[in-house]
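First comes the structure, then the notes that go with it.
The basis for the numbers below is simple: all heavy atoms, side chains too, and nothing from hydrogens, waters or symmetry mates.
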There are 2 protein chains.
Amino acid sequence: MDKQLATTIFESLASGVRLDVYRLLVKNAPNGLVAGEIATQLALPPTNLSFHLKALTQAGLLSVVQEGRYQRYRANLAVMRDLIGYLTAECCTGHPEQCFETDAAAGCCDAKPTLSSTPTDSTS
Amino acid sequence: MDKQLATTIFESLASGVRLDVYRLLVKNAPNGLVAGEIATQLALPPTNLSFHLKALTQAGLLSVVQEGRYQRYRANLAVMRDLIGYLTAECCTGHPEQCFETDAAAGCCDAKPTLSSTPTDSTS
DNA sequence: TTGATATTTCAATAATTGTTGTATAGTTGC
DNA sequence: GCAACTATACAACAATTATTGAAATATCAA
């Protein structure tokens with residue numbers, strides 16, 4: 001994970017449409033969905049969906065395989081895991097006691113609710 | 001965390017400049033830095049930095065307090081934690097065995113390297 | 001007060017991104 | 001071969017975002 005890739009990934013998720021697409025595929029992991037199913041569920045014109053699927057795929061967030069005349073898209077969860085690592089890897093240098101309490105992504109499947117509402121200190 | 005906020009946060013990080021700023025402040029949590037220090041470290045014109053700081057702050061990723069004639073910016077780690085939860089909360093419905101292995105954000109401070117191929121690059 | 005410092009706001013411009021319709025390419029089944 | 005279906009590529013236009021310098025606001029120090 002380098003800066004260029006991280007920026008590309010954030011750009012990919014910085015659109016309501018693409019965020020919907022990505023989350024839909026996270027929810028439907030690991031089977032994924034074919035393009036037409038995504039278009040139907042999100043009520044998007046195929047041209048526009050294709051534009052956004054391309055962006056997500058080029059960022060590495062999705063992978064795609066051909067199945068006959070269909071294209072099946074899947075969320076690439078490992079990339080998200082690496083992105084989170086990139087954001088948090090250097091945090092709080094010299095002050096570990098102030099860090100994330102996380103557990104964070106463990107909210108997935110392990111369903112540890114320890115994090116959802118606990119505020120750290122706060123400034124606001 | 002709703003879709004609008006998540007999109008705003010991703011937009012905030014979808015710029016090389018803002019990603020640099022945010023990571024610099026994560027690294028310098030919890031003390032934060034004043035605007036001039038950020039400008040110096042990242043070699044940015046103050047006008048441009050102010051533009052990006054405003055975007056990050058409005059997204060909730062940073063908080064700011066006035067210290068005399070300085071403005072001190074800090075990364076709001078709780079927001080990032082919630083964002084990660086938003087992305088992963090519904091993943092793999094019905095197929096938990098295919099999920100994130102994470103641990104992910106625990107890379108912070110706990111420094112469990114179990115998850116990533118490449119830990120960091122750290123050059124901005 | 002005056003002058004220096006720190007940061008933001010404003011306005012103009014440059015650059016990028018999103019959406020849509022039409023056209024194209026590949027797959028299936030007859 | 002042909003026609004129907006799935007999806008992507010291209011082109012035009014609309015909309016948004018990034019960058020910069022000049023001016024404004026606020027604080028500090030004498």
How close or far is atom [atom2] of [N] from atom [atom1] of [X], stated in whole angstroms?
X	N	atom1	atom2	answer
A:F10	D:dT17	CZ	P	18 Å
A:L56	C:dT17	CG	P	14 Å
A:E11	C:dA15	CD	P	17 Å
A:E67	D:dT8	CD	P	13 Å
A:Q71	C:dT27	CD	C1'	11 Å
B:E37	C:dT5	CD	C1'	14 Å
A:D20	C:dG18	CG	P	14 Å
B:R72	D:dT27	CZ	P	17 Å

- Message: As an exercise, state the distance from OH of A:Y22 to CD1 of A:I38, rounded to the nearest 0.5 Å.
- Response: 13.0 Å

Among [options], find the nucleotide with the atom closest to the side chain of [X].
X	options	result
A:K54	C:dT8, C:dA6, D:dA9	D:dA9
A:V17	C:dT9, D:dA18, C:dT19	C:dT19
B:R69	D:dT8, C:dG26, D:dT27	D:dT27
A:F51	D:dA26, C:dT8, C:dT19	C:dT19
A:R18	D:dA18, C:dG26, C:dG18	C:dG18
B:N48	D:dC28, D:dT20, D:dT17	D:dT20
A:Y73	D:dC5, D:dT8, C:dT8	D:dT8
B:H52	D:dA18, C:dT7, C:dA4	D:dA18

- Query: Which is it for B:Q4 and B:T8 under the side-chain hydrogen bond (donor to acceptor under 3.5 Å, both in side chains) test, yes or no, and what are the steps along the way?
  - Reply: CA-CA 6 Å; B:Q4 174 55 55; B:T8 301; 3.0 Å; yes

- Item | N/O donor-acceptor pair under 3.5 Å between A:R74 side chain and A:P30 backbone |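 Yes, because the side chain of A:R74 sits within donor-acceptor range (under 3.5 Å) of the backbone of A:P30.
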
- Evaluate the side-chain proximity of A:Y86 to B:L19: yes if any heavy-atom separation is below 4.5 Å, no if none is. yes

- Item | Joint cluster assignment, B:I84 & A:F10, ILVMFWY side-chain distance < 4.5 Å | yes

- Task: Find which nucleotide of DNA chain C each of A:Y70 and A:P45 is nearest to by heavy atoms, and output the residue with the more 5' nucleotide.
- Result: A:P45

- Report which part of the nucleic acid A:P46 touches: base, sugar-phosphate, or nothing (heavy-atom distance under 4.0 Å, all strands). base

- Would you state whether a donor and an acceptor, one from the side chain of A:T47 and one from the base of C:dT22, lie under 3.5 Å apart? yes

- Task: Ignoring backbone atoms, test whether A:Q66 places a side-chain nitrogen or oxygen under 4.0 Å from the OP1 or OP2 oxygen of C:dT27.
- Result: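 True: A:Q66 side-chain N/O within range (under 4.0 Å) of C:dT27 OP1/OP2.
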
